[in-house]
Number of protein chains: 2
Amino acid sequence: MDETPSRTERKRAQIMDAATSAFLEHGYKGTSMDLVAAAARVSKQTVYKHFADKEQLFQAILLAAMEPTVQRLTSAAPVTGGDDLAADLLAVTRNLVQAIMRPEVLRLRRLLIGESARFPLFGGAYYDQSFSGGLAALAKQLSVLAEGGGLRLPDPLVAAEHLAGMALWVPMNRAMFTGSDQPLSADELDHYCGAAVRDFLAAYAAAA
Amino acid sequence: MDETPSRTERKRAQIMDAATSAFLEHGYKGTSMDLVAAAARVSKQTVYKHFADKEQLFQAILLAAMEPTVQRLTSAAPVTGGDDLAADLLAVTRNLVQAIMRPEVLRLRRLLIGESARFPLFGGAYYDQSFSGGLAALAKQLSVLAEGGGLRLPDPLVAAEHLAGMALWVPMNRAMFTGSDQPLSADELDHYCGAAVRDFLAAYAAAA
DNA sequence: CCACCAGTACTGAACCGTCCAGTACACCAA
DNA sequence: TTGGTGTACTGGACGGTTCAGTACTGGTGG
């Protein structure tokens, strides 16, 4: 598919790419249409051919940037359901943390949070789809793991919220405030996920 | 103290108050010096008498806004250490959640996160002082409670991180993305704190 | 009295959105 | 392949607005 993108489609993609980078880096007010046009190596007129005004361009790049993130977080990775519950839990948790601590996701989160006062619809949409959807997907994974009999899950959603909260609270806050987009090191990933899974198991392991 | 604030000091306070509201509401780029002067009922010249330029005004209000928040979150509320461990834990958790879910704190967090790419020092400072400091204070409270014998705390700091993460992950993310500054309702507060304390106790209660 | 302040006008620059003359490109017909 | 036609694009300029920061006059509180 998309064998030969027409010139119009190419230009549109150039504009979207440049605008996405610019908005994610400088925010809405900090991004000028001239800068977008220059970064896209496109005349400003072409920008306005494709997008009515700055706000509609902003909305377009937000929707486009949210889509793959939502997709990735809500597509429950198939749980193998092996015989090692702790290992399976650790794998699920690592998947979640790595997926949500990606640089693009962090930048998108900062933009949505920073602009949530002026563009509350998009922050709300992201929360509904990506955040809540991701937790629901995690709850489903936990339910599958619980079928093995090692977990007692009276409320899978609450369990998912607590597992995610334990694993992500510290690194996510640090990333948000620090402004650093660097993904977690292997040691940090092991530390946060390992500690979270340990306490999760201590709370939810079925009585032997 | 501050018996008779001089006129200069009064004017400075007016400017700081107005600028704080404006920056918290509209962000750095979205706030104009004319708007600040008008909101402070002060001439623009007076603003520039007190602050060299917009950036220094921004830094001043950030430092001033961070101070009480840091103070509140790191001043460990005296733990009574009664005979009901679950009730004490619930009280500690409710204190934390209510302190951090205050509207001013939420607005400050959004501003720091949104501007963390352009003003990384302040986000980092807030993370170091308020976030990490708050967790350290919570860890200390937990240690005090553990002296009663009902808790087994191999690593109080990790325990504090997990308790805070379980209690705050969902409501904090919702507040950040939604843009709503409304504090949690009594039901929500009970729900999040109750569920967090329940799982925390399940993981950390000393073997009877 | 006089330093400070209000009010306002001003400068220089940035930005949004538009317009226009000329150019590159896609598509089709011969 | 060639030539032609319509559409998309370029580059730049421009009007109207906003903004950061300065200058100046006149008034007022301490």
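Everything numeric in this text was worked out from a predicted model, so none of it was measured. The sequence lines fix the lettering, A, B, ..., with proteins before strands; numbering per chain opens at 1.
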message: Distance check needed: D/dC19 P versus B/His26 NE2, whole Å only.
response: 11 Å
- line: Taken to the nearest 0.5 Å, the spacing of A/Phe200 CZ from A/Leu89 CG works out to 6.0 Å
- prompt: If only side-chain N and O atoms of B/Lys44 are considered, is one of them under 4.0 Å from the OP1 or OP2 phosphate oxygen of C/dA9?
  reply: no
query: For the pair made of NZ in A/Lys54 and P in C/dC15, what is the distance, rounded to whole Å?
result: 9 Å
task: Output, in order, the C-alpha distance, side-chain angles, deciding distance and verdict of ring pair (Phe, Tyr, Trp, His ring centres under 6.0 Å) for A/Phe119 and A/Tyr28.
output: CA-CA 10 Å; A/Phe119 297 92; A/Tyr28 181 76; 5.0 Å; yes
query: How about A/Met101 and A/Leu168: do any of their side-chain heavy atoms sit closer than 4.5 Å?
result: yes
- line: Rounded to whole Å, OH of B/Tyr28 lies from P of D/dA20 at a distance of 8 Å
- prompt: Between A/Lys49 (NZ) and C/dT23 (P), how many Å, whole number?
  reply: 18 Å
message: Please confirm whether the shortest side-chain N or O distance from A/Ser43 to OP1 or OP2 of D/dG12 is below 4.0 Å.
response: no
5' precedence on DNA chain D between A/Thr46 and A/Lys29 (nearest-nucleotide basis): A/Thr46
query: Atom CG of B/Asp53 and atom C1' of D/dC19: how far apart are they, to the nearest Å?
result: 14 Å
- line: Of C/dC16, D/dG30, D/dC19, the nucleotide closest to the side chain of A/Ser32 is C/dC16
- request: Whole angstrom is fine here: how far is it from CG in B/Asp34 over to P in C/dG7?
  value: 13 Å
field: Earlier contact from the 5' end, DNA chain C, for A/Gln45 and A/Leu35
entry: A/Leu35
- request: Carefully, step by step, assess B/Asp53 and B/Tyr48 under the rule side-chain hydrogen bond (donor to acceptor under 3.5 Å, both in side chains).
  value: CA-CA 7 Å; B/Asp53 54 21; B/Tyr48 280 97; over 6 Å; no
message: Applying a 4.0 Å non-hydrogen cut-off, can you work out what A/Arg41 is touching in the nucleic acid: base, sugar-phosphate, or nothing?
response: sugar-phosphate
query: Which whole-number value in Å describes the distance from A/Tyr48 OH to D/dT10 C1'?
result: 16 Å
Spacing between A/Met33 atom CE and C/dA14 atom P, to the nearest angstrom: 18 Å
message: A/Asn95 vs A/Arg72, test: side-chain hydrogen bond (donor to acceptor under 3.5 Å, both in side chains). Steps then yes/no.
response: CA-CA 10 Å; A/Asn95 273 348; A/Arg72 183 186 304 269; over 6 Å; no
query: Under 4.0 Å between a side-chain N or O of A/His50 and OP1 or OP2 of D/dA8?
result: no
